[in-house]
Amino acid sequence: MINLIVFNPHEGTSFKRSDEQQVKRFRQILMQGGKVCTLRMSKGDDEMAACGQLGNPDAVTRPAPMIRPPSKLQEILPGAAAAAEQHQQWLQQQKAMRRAAA
């Protein structure tokens, strides 16, 4: 069983919430693949208390790592190719930051 949780945006992240159509399309792809898939309703977003938002927003943290979407996912979902490009940019930024810190 797969429980999809839509990303809850917050200040300081480069990630964005997927729109409802994208989420439904992704869920449909999973279900067509034979997976039982639910979509969790988000609560607490207005209070910075939703999933992914808990913690001290003023704390200095390192950026969340980004992973490259698998090629099959890039073929199916329109936004996955853009995410792959974003991944490459993130890797370059991380390398530049490590070089600057050394």
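Side chains are part of it too, since the values below use all heavy atoms of this structure and drop only hydrogens, waters and symmetry mates. What you see is a predicted model, and the numbers here were worked out from it, not measured in a lab.
Between the side chain of Gln22 and the backbone N or O of Asp19, at least one donor-acceptor pair lies under 3.5 Å. No donor-acceptor pair under 3.5 Å is formed between the side chain of Arg27 and the backbone N or O of Leu4.
Heavy-atom neighbours of Glu20 CD from other residues, nucleotides or ligands within 6.0 Å: at or below the threshold of 12.
One hydrophobic cluster, built from ILVMFWY side chains closer than 4.5 Å, cannot hold both Phe26 and Met31; they sit in different ones.
Considering only heavy atoms from C-beta on, Leu39 comes within 4.5 Å of Val6 through its side chain.
Residues Arg40 and Ile5 share a closest heavy-atom pair of NH1-CD1, 3.0 Å.
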